[in-house]
Amino acid sequence: MLLEVHDLRVSYHTDEGTVKAVDSVTLSLGRRETLAIVGESGSGKSTLALSIIGLLPKTARVDGSIRFLNKELTSLREEEFRRLRGDRITIVFQEPMTALNPVFTIGKFMRDIYLTHRGGTEKDALSLAREWLGKVKVPGPEKVLSSYPHELSGGMRQRVLIASSLMLEPDLVIMDEPTSALDVSVQAQILRLIAELKSQVEASFIFITHNLGVAAAVGDRVAVMYAGKIVEMASKEEIFSNPMHPYTQGLLRAVPKVSGGEVEPIPGSVPSLVNPPSGCRFHPRCPLADERCAEEEPALMEVGSGHWVACHRVSGSGRW
Amino acid sequence: MLLVVEDLVKHYISGGFLRKKEVVRAVDGISFSVNAGETLGLVGESGSGKTTVGKTVLRLIEPTSGRILFDGRDVTAVKDIRPLRKEMQIVYQDPMSSMNPRMRIADIVGRPLQIHGMVSSRRERDEMVRRLLERVGLSGDHLYRYPHEFSGGQRQRIAIARALAPEPKFIVLDEPTSALDVSVQAQILKLLKSLQEERGIAYLFISHDLAVVRNISHRVAVMYAGKIVEMASVEEIFGNPMHPYTKGLLASVLEPSPNAKAPDEILPGEPPDPRNPPSGCRFHPRCPLADERCAEEEPALMEVGSGHWVACHKV
Amino acid sequence: MLVELDPSTKKTLRKALRNRNIRVGGIIVATFVLMGLLAPFIAPYDPTKGNLRDSLLPPCSKYPFGTDFAGRDILSRVIWGARTSLIVSTVSVFIAVIAGVLVGGLSAYVGGWIDEVVTRIVDVMLSFPDILLALFVAAIVGPGLENVIVAVALYNFPQFVRIMRGSALQAKEMEFVEAARAIGESNASIFARYLLPNSLAPIVVHATLRTAASILTAAGLSFLGLGVQPPIPEWGQMMSDARTYLVTAPHVWIFPGIALFITVLGFNLLGDGLNDVLNPKMEV
């Protein structure tokens with residue numbers, strides 16, 4: 001396994017109380033695999049991603065274990081992490097403008113990444129950058145290298161960041177809502193590009209998204225998060241053809257589809273992470289909830305080959 | 001017809017004196033109508049001008065030219081628009097920024113009632129606000145709270161209650177569910193539909209999300225770079241799309257299904273800069289069917305089937 | 001009906017009470033205000049009547065701060081001086097705030113050439129150093145309590161116009177202002193109900209800071225003889241009177257000087273603290 005996260009808990013102290021952003025998450029990721037993590041706001045999906053790449057704010061408290069390339073990341077010193085970050089683990093954010101320094105050209109940005117981690121000459125750096133801009137299908141890579149971020153469109157900037165995140169041939173690439181700020185047609189281009197690149201590189205991907213359609217398009221496996229926990233995890237085929245957790249089922253029914261059909265909302269709203277519901281966190285919104293759900297927290301259990309669900313009503317109903 | 005828009009144009013002119021003069025053609029000559037009790041979905045990507053259309057119809061933005069007839073009255077010609085405001089309302093994408101953070105819910109929802117003289121006392125107002133809140137699925141006890149004390153979905157319900165308060169005939173819904181979580185989005189869509197059934201309100205539903213538009217609209221207009229490129233009933237647009245842009249958009253949509261994969265046939269390029277739109281058909285640089293004529297001559301929106309309008313030389 | 005404080009107001013209050021600048025500044029300002037208000041009751045002597053036999057006495061048990069050349073009790077004069085400073089600074093800042101908020105707010109809301117003209121005038125006024133503008137006015141209208149108030153108000157005025165204009169311009173771009181138009185609010189109502197309440201936080205902060213500056217300016221004018229006239233006790237004027245005895249009787253200027261220093265410091269601390277609490281964007 002490339003990455004093994006075990007019983008990870010991340011919490012913050014705020015004025016309102018302790019926010020348990022990620023609560024007891026366990027997952028693993030093999031080589032060349034893509035895990036899509038789906039969740040609504042406050043599900044903890046982005047916090048999970050940031051904890052893997054060591055970019056959580058200093059106020060965050062992290063417990064549990066993250067093993068990557070046989071190193072324990074949670075106890076890694078900052079300068080060791082810095083060597084890893086941008087080299088072995090990279091990240092692409094939703095808003096490319098925040099990742100790009102507005103006063104540097106794209107060429108300088110990409111060159112610095114290379115020189116920081118690989119050393120070598122500027123010439124090598126630039127020729128690698130040029131090669132990767134070609135691979136992400138940026139028209140006129142030479143011109144883009146001498147452009148400033150604001151001179152590029154949103155879609156082009158995101159291509160530049162994808163090239164930058166892949167050019168050192170990392171083991172793990174985290175993509176945090178990389179297409180959410182883009183237009184529908186541009187989103188489709190970027191997803192197409194990512195799908196093509198996946199077959200060309202050795203990296204594994206963690207793809208964070210709120211969009212079930214995007215998760216289905218890119219993920220080999222899909223994990224559904226709710227209120228800081230993984231509630232269901234399975235292969236893409238399994239999770240969309242046989243969703244078991246009432247939350248996953250509810251989400252699928254709540255999404256409008258271009259093929260038509262009525263939507264069925266999930267009642268209520270996403271709970272506060274300062275004071276989450278007792279027992280199963282989904283129980284106040286769950287159509288199947290009973291007393292046990294309000295008292296006892298369900299564990300994530302394997303109910304079929306590679307299909308994990310955290311729900312009393314699934315294991316209890318003997319559907320597996 | 002409740003609302004008739006004829007050849008609406010909105011150009012923003014910047015620069016001039018010392019700087020280069022620039023004209024942003026946000027909306028460039030569009031016509032459509034909305035029937036009473038009907039939902040017209042207005043779909044488009046960023047820069048298509050869809051939000052400008054919504055706000056110009058309400059004269060929150062002054063149109064450059066064109067005619068807007070609401071219930072037989074010319075919206076662009078009336079001297080005082082304020083009495084008309086009672087009948088046409090708007091709900092924004094971000095309910096937080098569209099509410100005065102220092103007002104209580106009673107005032108936010110109650111102001112339209114006071115402005116249009118629908119209540120004579122504070123008690124009467126609060127009673128009506130309470131009923132409106134309950135109608136949109138909130139507790140009437142929230143009267144004296146502030147917007148920031150609510151979740152995103154609840155705030156959007158408050159915004160809907162505010163729009164409902166003056167008993168309008170028409171509401172512009174500007175991406176009302178785009179900032180919401182999936183599970184909550186469905187709640188708001190259901191609420192909007194039931195309000196329409198109950199009160200016969202017409203909606204102009206502006207969105208970039210085709211699936212949402214399909215869910216709520218009776219008819220759909222697709223906008224691209226300030227123009228309507230296709231307009232038809234929802235069944236026609238989704239079942240028999242004719243404009244290459246509409247087809248491309250539909251092919252770009254991802255649906256959660258076990259055999260989903262990244263889309264194959266997709267539109268190349270990005271939406272054009274409205275300061276400098278392409279010649280001829282504005283879509284031609286991205287169009288798989290484009291020929292010379294498309295680059296030179298602008299296609300008109302023509303009726304190709306009953307109620308199905310397309311602006312494309314190739315159809 | 002008694003409406004309970006909403007949680008965010010409560011949170012702001014709690015934050016304010018935890019802020020050290022606010023606590024220290026608040027205590028100083030409160031002491032100063034109380035001193036000014038209660039001067040007739042707490043001052044041991046009449047501040048204007050002296051006993052020439054007790055002229056220039058150093059601090060002693062009878063006169064804790066000593067006496068000045070006319071044999072007046074300096075402690076009593078410092079206490080009454082607080083009252084003068086309190087009146088001059090608060091009244092002038094109050095006038096400047098009201099005028100500045102109206103002019104700046106309307107200028108921003110109306111826009112167009114009116115805004116252009118107002119902005120230019122304000123820019124010209126702001127290009128003078130504070131004290132120079134006040135001096136200029138004081139020189140024209142002459143000395144005296146009311147005139148000092150006018151002079152100080154006038155030099156504060158452009159500052160508030162600028163701040164109010166800036167924050168109203170910001171508020172004007174907020175979507176809720178457009179939403180207010182959409183429900184049919186009138187211009188006057190939009191100004192009063194939407195723009196004003198959302199522009200006031202920086203005004204409050206600045207008013208506190210300007211109070212400190214105004215106390216200093218008023219004292220400066222009096223020191224130069226253009227301010228409050230004797231026999232009304234005023235700190236700047238007291239220090240001016242002490243010039244002759246700078247070395248021989250330093251207590252005559254030290255005590256009003258300390259009072260002035262601490263009061264100005266207090267208002268500045270309070271202003272900085274309020275800024276931290278009310279303008280949370282400055283937080284890291």
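Chain letters run A, B, ... following the sequence lines, proteins first, then strands; residues in each count from 1. In what follows, every heavy atom counts, from backbone to side chain, and hydrogens, waters and symmetry copies are set aside.
- For chain B, no part of Arg253(A) is nearby; none of its heavy atoms comes within less than 4.5 Å.
- Contacts of Leu252(A) with chain B are made by side-chain atoms alone, with heavy-atom separations under 4.5 Å and no backbone atom involved.
- Here the closest non-hydrogen pair linking Lys257(A) and Arg214(B) is O-CG, 3.9 Å.
- Ser46(B) touches chain A through backbone and side chain together, each having a heavy atom under 4.5 Å away.
- Of all heavy-atom pairs between Ala254(A) and Ala186(B), the closest is O-CB, 3.4 Å.
- A 4.5 Å side-chain heavy-atom check between Pro256(B) and Phe240(A) finds at least one atom pair inside the cut-off.
- The two residues Glu270(B) and Val186(A) come nearest to each other via the heavy atoms CG-CG2, 3.6 Å.
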Hey, mind stepping through Gln185(B) and Val263(A) against side-chain contact (heavy atoms from CB on, under 4.5 Å) and telling me if it holds? CA-CA 10 Å; Gln185(B) 166 175 284; Val263(A) 293; over 6 Å; no
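- Heavy-atom distances place no part of Val218(A) under 4.5 Å from chain B, backbone and side chain included.
- Contact check for Pro271(B) versus Asp183(A): side-chain heavy atoms found under the 4.5 Å cut-off.
- For chain B, the option among Gly154(A), Gly260(A), Ser269(A) with the highest count of heavy-atom pairs below 4.5 Å is Gly260(A).
- Taking both residues in full, the closest heavy atoms of Ser259(A) and Glu255(B) are given as OG-OE1, 3.2 Å, listed atom of the first, atom of the second, then distance.
- With a 4.5 Å cut-off on non-hydrogen atoms, Leu250(B) touches chain A through its side chain but not through its backbone.
- Within the 4.5 angstrom heavy-atom criterion, atoms from both the backbone and the side chain of Leu210(B) approach chain A.
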For a side chain to side chain donor-acceptor pair (under 3.5 Å) check, start with the C-alpha distance between Glu45(B) and Ser185(A), then their side-chain angles and the critical distance, and finish with the verdict. CA-CA 8 Å; Glu45(B) 297 184 276; Ser185(A) 63; 2.7 Å; yes
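- Of the two parts of Val270(A), only the side chain, counted from C-beta on, holds a non-hydrogen atom closer than 4.5 Å to a non-hydrogen atom of chain B.
- Lys236(A) approaches Pro258(B) most closely through the heavy-atom pair CE-O, 3.4 Å.
- In terms of heavy atoms, Asn215(B) sits closest to Gly261(A) at ND2-O, 3.5 Å.
- The CG atom of Leu189(B) sits 13.5 Å away from atom CD of Glu264(A), with the distance rounded to the nearest 0.5 Å.
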